[in-house]
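Values in this document were obtained by computation on a predicted structure and should not be read as measured data. Letters A, B, ... are given to chains in the order of the sequence lines, protein chains preceding strands, and every chain is numbered from 1.
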Protein chains: 2
Amino acid sequence: MKKQVKDKRTAIMETALKLFTERGFQGTSTAQISKEAGVATGTFFNYFPTKEDLINSLYFEVKGRLSSSMEKEIESKSTFQERVRRLWSNFINWGIDNQEEFLFVGQFCSSPYITKYTREEVMKEYIFLHNLVNEGIKTGEIKDFSPELTIAMFYQSSRAVVNLILNSNLSKDKNELIENGFQIIWRGLSEN
Amino acid sequence: MKKQVKDKRTAIMETALKLFTERGFQGTSTAQISKEAGVATGTFFNYFPTKEDLINSLYFEVKGRLSSSMEKEIESKSTFQERVRRLWSNFINWGIDNQEEFLFVGQFCSSPYITKYTREEVMKEYIFLHNLVNEGIKTGEIKDFSPELTIAMFYQSSRAVVNLILNSNLSKDKNELIENGFQIIWRGLSEN
DNA sequence: AAAGAGACTGACTGATCAGTCAATTATAGA
DNA sequence: TCTATAATTGACTGATCAGTCAGTCTCTTT
């Protein structure tokens, strides 16, 4: 039965995501995940050969969802700056609306679990970022720095804003933080 | 004997730092740390009541060292921009020269180990950052955004540059990355 | 209704974990 | 030298870990 298969697999992944962000990867046992997900420990290993396999699957899945969230309504924007701004707010709002996923990615990326291979594999989903940056450089919209530097600073800055919003409980100035953050990073990158 | 006491404690901390960045917190056992540090497991628990205690001690220790590294030769600089630039390069060079410490802090901060209390406690060591930012705002050198936002974006951007340098093995353009990164963040923050 | 296929189960295993403690060794003062 | 104090040791413990597997249950097909 296809439906049940998907259900259990999804239940395991969702439960794992929650517990991982609460207790860390090695701090969460496969037994805990299985129990909370409502499946037997044997079932866990039907879907994921090892615990590490689950962690990696989760990472690819979450990064994929993030990737499509970021691209949303980008093309409909006309100017380069409007598209970058949209990218900025898309990412930050994704982080706010998907706190567990956001924290999980952060945890995974700074853990020894991530290999150079995984990092590069995920990067392939973000070619559109490179394309965007190269376009901006070519049209003279942004400064001609190394695209890796530009992307890394943009990405980490946006993560900084999400963390700021998540740690402060004032949702009042949420939009102000997003807007001010964009002003900072845009001014830094743009050719003016 | 005071000297040996310090030696063993230091040996444990240094070994733990190395193993934690290699295998993660929960992926490293107290037995492994003890063995590699050349002490008995019992000795480990003489110096640190629990494993978590060691992790927290390490974090405070490392953050303290980072703090004093960052402030180095700041006061001797005359202009505000020169001081901020110095802060920028101090932090990045610290990350490059102390890769294990740098990775450990990143790992700890995105792990569930860090509590709100710990985070705030460490923040107290960085009051000089707040003072610097407030001074910059008052004298009109930098834009009047929330100091938390300014500091967070500055800090995460510098971490982005360190990661970029550590992951690429080209030490050739190291200084170029540091300089370009500074241009981006300074232009973003400054009032011009 | 019978039977074959595959999803699902949970008791089980050997390994490993954080932490203990009684015994041993090293140090310092008299 | 002798003795008291403190540092160090590592075998040990009960708990917990990732992963296994022989068997049960639930569908689908005929």
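Taking the six-membered ring where the residue is Trp, the centroids of B:Y59 and B:Y113 are separated by 6.0 Å or more. Taking the centre of each ring, B:F25 and B:F104 come in below the 6.0 Å mark.
C:dG19 atom P lies 11 Å from atom CG of B:L54, rounded to whole Å. Per the geometry, CZ belonging to A:F25 stands 17 Å off C1' belonging to D:dA18, to the nearest Å. Rounded to whole angstrom, the span from the OH atom of A:Y113 across to the C1' atom of D:dA18 amounts to 11 Å. With rounding to whole Å, B:F44 atom CZ is found 18 Å from D:dA7 atom P. For the pair A:I33 CD1 and D:dT16 C1', the computed distance is 14 Å after rounding to whole Å. A straight line from CZ of A:F48 to P of C:dA7 spans 14 Å, rounded to a whole angstrom. In this structure, B:Q26 places its CD atom 11 Å from P of D:dA18, rounding to the nearest Å. If you take CG of B:D53 and C1' of C:dA18, they are 13 Å apart, rounded to a whole angstrom.
Taking every side-chain heavy atom of A:Q32 into account, D:dC17 is the closest of D:dA7, C:dC8, D:dC17. Distance from the side chain of A:Y47 is smallest to C:dA7 among C:dA7, C:dT9, D:dA18. The side chain of A:T43 has C:dC8 as its nearest neighbour among D:dA18, C:dC8, D:dT9. For B:N46, counting side-chain heavy atoms from C-beta on, the closest listed nucleotide (D:dC17, C:dC17, D:dT9) is D:dT9. Comparing D:dT9, C:dG19, C:dA18 against the side chain of B:T50 picks out C:dG19 as the nearest. The side chain of A:F45 has D:dG19 as its nearest neighbour among D:dT8, C:dT9, D:dG19.
For A:E121 and A:K63, the salt-bridge test fails: no basic side-chain N is under 4.0 Å from an acidic carboxylate O. The residues B:R65 and B:E61 are annotated as salt-bridged, a charged nitrogen and a carboxylate oxygen being separated by less than 4.0 angstrom.
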Protein-nucleotides 11-15 of chain D N/O pairs under 3.5 Å:
residue	atom	partner	partner atom	Å
D:dA11	N6	B:T41	OG1	3.2

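Phosphate proximity of D:dT9 to B:K8: present, with a side-chain N or O under 4.0 Å from OP1 or OP2. OP1 or OP2 of C:dT16 has not a single side-chain nitrogen or oxygen of B:K35 nearer than 4.0 Å.
Considering OH of A:Y126 and CG of A:L132, their distance stands at 14.5 Å, rounded to 0.5 Å. If you take CD on A:E71 and CG on A:N90, they are separated by 10.0 Å, rounding to the nearest 0.5 Å.
B:T28 comes within 4.0 angstrom of the backbone, heavy atoms only, and of no base. Among the heavy atoms of the strands lying under 4.0 Å from B:S29 are primed sugar atoms or P, OP1, OP2 only; no base atom is included.
B:T150 pairs in a side-chain contact (heavy atoms from CB on, under 4.5 Å) with only one of the listed residues (B:L129, B:N134, B:I185, B:V133), which is B:V133. Each of B:L189, B:I184, B:I142 was checked for a side-chain contact (heavy atoms from CB on, under 4.5 Å) with A:I184, and the lone residue meeting it is B:L189.
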Item to complete: Evaluate the ring-ring contact (aromatic ring centres under 6.0 Å, His included) criterion for residues B:F20 and B:F108: first the C-alpha distance (whole Å), next the side-chain angles of each, then the deciding distance (0.1 Å), finally the verdict.
Response: CA-CA 10 Å; B:F20 282 155; B:F108 185 80; 9.7 Å; no
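Figure legend: A:R159 and A:F102 shown as a cation-pi pair, the cationic atom lying under 6.0 angstrom from the six-membered ring centre and within 45 degrees of its axis.
Where the helix from C:dA1-D:dT30 to C:dA30-D:dT1 starts and where it ends, the local axes point in directions that differ by 10°; five pairs per end, rounded to 10°.
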